[in-house]
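Beneath this line is the structure, given in structure tokens, with notes to follow.
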Amino acid sequence: MSRERGEPASEPADSAKVRWIVRVGAFVLRMLARTWRIRVIGDEGLNAERSARRPVIFVLWHGQMLPLLYQHRNQAVRVLISEHRDGELVARTAIALGFGTVRGSSTRGSGRALLGLVREVEAGHDIAVTPDGPRGPAKSFAPGALVVAQRTGARIVPVTAVARSAWHLRSWDRFLIPKPFARVVISYGPMSAVSAADVRDAAREAERFQMIMEDAERAGTTAA
């Protein structure tokens, strides 16, 4: 049957379903997260950068994204999210929590995504990158965020989340979902600049930042 003139087109079923899932998911996350007992450690450097109104580059492991999205909700941080189908759910959930998004990957054919991140930093926005995303290996530091730091001069903020009472999905990143009333430790590593002369030298610093992330996670585990 043809649609009458002036009658609005119906919303595609997939789009309506995604919107419904995101709405419910964001609500459930807020309700769950309100029960968490969150402790923050090592954020002195971040607070200093914020006071000076200098944009920063958050780096976090993909599997620890959920509590960190909640911790930094409504701060207009721009998050790099993959263009894969599952990335659409993450992107819409992030937007519902007050984030902006840059779509793409920092590891695979990443020129457009990295350019978008550079522009966001130059516009004065904080950005967040999962250096092991979107497909792993888990907790392996790829250099995309370092390239952005080298080009913009923004400092990198390593941040991890630890919860002893949690569910872990059977995914490549063992996605972390803290249980109700769990103690969650948000652990920041030291603010770190990338002083490399060029992009190639910046990428060589990935091993150093891998160690910084591991140290931050160990500190969080000790405090949990």
Side-chain angles (χ1 to χ4, degrees), residues 42-65 68-69 71-72 75-84 87 90-91 94-95 97-160 173 186-217:
D43 62 341
E44 298 83 4
L46 171 61
N47 292 336
E49 292 297 291
R50 287 270 174 87
S51 295
R53 298 184 180 276
R54 289 190 289 262
V56 299
I57 302 171
F58 293 100
V59 290
L60 57 142
W61 297 134
H62 195 277
Q64 299 172 0
M65 185 186 300
L68 295 173
L69 284 177
Q71 177 68 13
H72 288 281
Q75 295 180 11
V77 178
R78 273 45 174 175
V79 185
L80 179 64
I81 298 175
S82 78
E83 294 178 314
H84 290 98
V90 177
I95 290 169
L97 292 171
F99 291 83
T101 62
V102 176
R103 302 303 297 271
S105 167
S106 64
T107 58
R108 304 173 186 178
S110 58
R112 182 167 59 89
L114 293 180
L115 180 60
L117 292 171
V118 168
R119 287 174 175 168
E120 293 290 355
V121 173
E122 290 176 342
H125 300 297
D126 296 337
I127 64 170
V129 178
T130 55
D132 59 343
R135 297 292 184 183
K139 297 185 178 179
S140 177
F141 202 105
L146 307 183
V147 173
V148 178
Q150 189 272 334
R151 290 183 177 179
T152 63
R155 289 188 172 189
I156 289 181
V157 187
V159 56
T160 64
D173 58 355
I186 308 296
S187 175
Y188 296 89
M191 301 289 301
S192 302
V194 175
S195 55
D198 55 36
V199 169
R200 183 172 297 180
D201 285 344
R204 293 193 182 106
E205 295 199 35
E207 184 176 353
R208 175 168 72 92
F209 280 88
Q210 176 84 35
M211 295 175 63
I212 292 172
M213 291 288 286
E214 291 171 357
D215 288 345
E217 188 164 7

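All of these numbers come straight from a predicted model, not from anything done at the bench.
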Donor-acceptor under 3.5 Å ([X] side chain, [Y] main chain):
X	Y	result
Arg103	Ser82	yes
Asp132	Trp61	no
Arg155	Gly153	no
Ser187	Ala216	yes

Hey, what do you get for [atom1] ([X]) to [atom2] ([Y]), rounding to the nearest 0.5 Å?
X	Y	atom1	atom2	value
Ile212	Phe141	CD1	CZ	8.0 Å
His62	Asp173	NE2	CG	5.5 Å
Ile156	Phe209	CD1	CZ	4.0 Å
His72	Leu60	NE2	CG	8.5 Å

Should the heavy atoms of other residues, nucleotides or ligands under 6.0 Å from CZ of Arg119 be counted, would the total exceed 12?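 It does not: Arg119 CZ has 12 such atoms or fewer within range.
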Between Met191 and Val157, is a side-chain contact (heavy atoms from CB on, under 4.5 Å) present by the stated rule, with each step listed? CA-CA 5 Å; Met191 301 289 301; Val157 187; 3.3 Å; yes
Show, in sequence, the C-alpha distance, side-chain angles and deciding distance for Leu80 and Leu117, and conclude whether the side-chain contact (heavy atoms from CB on, under 4.5 Å) test is met. CA-CA 8 Å; Leu80 179 64; Leu117 292 171; 4.0 Å; yes
Could you go through residues 192-199 and list every donor-acceptor pair under 3.5 Å that involves a side-chain atom there, pairing it with any protein atom two or more places apart or in another chain?
{"unit_1": "Ser192", "atom_1": "OG", "unit_2": "Pro190", "atom_2": "O", "d": "3.0"}
{"unit_1": "Asp198", "atom_1": "OD1", "unit_2": "Arg200", "atom_2": "N", "d": "3.3"}
{"unit_1": "Asp198", "atom_1": "OD1", "unit_2": "Asp201", "atom_2": "N", "d": "2.8"}

Could you list the residues that satisfy side-chain hydrogen bond (donor to acceptor under 3.5 Å, both in side chains) with Gln210, not counting sequence neighbours?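 With neighbours one apart ignored, the set is Glu214.
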Kindly list each side-chain donor-acceptor pair under 3.5 angstrom involving residues 49-59, sequence neighbours excluded, with atom names and distances?
{"unit_1": "Glu49", "atom_1": "OE1", "unit_2": "Arg54", "atom_2": "NE", "d": "3.1"}
{"unit_1": "Glu49", "atom_1": "OE2", "unit_2": "Arg54", "atom_2": "NE", "d": "3.4"}
{"unit_1": "Glu49", "atom_1": "OE2", "unit_2": "Arg54", "atom_2": "NH2", "d": "2.9"}
{"unit_1": "Arg50", "atom_1": "NE", "unit_2": "Asp126", "atom_2": "OD2", "d": "3.0"}
{"unit_1": "Arg50", "atom_1": "NH1", "unit_2": "Gln75", "atom_2": "OE1", "d": "3.3"}
{"unit_1": "Arg50", "atom_1": "NH2", "unit_2": "Gln75", "atom_2": "OE1", "d": "3.0"}
{"unit_1": "Arg50", "atom_1": "NH2", "unit_2": "Asp126", "atom_2": "OD2", "d": "3.0"}
{"unit_1": "Ser51", "atom_1": "OG", "unit_2": "Asn47", "atom_2": "O", "d": "3.0"}

Among side-chain atoms of Glu217 and Gln64, is any donor-acceptor pair under 3.5 angstrom?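 Yes.
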Please find the pair of heavy atoms, one from Ala94 and one from Ile81, that lie closest to each other, and give the distance.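 That would be CB-CD1, 4.1 Å.
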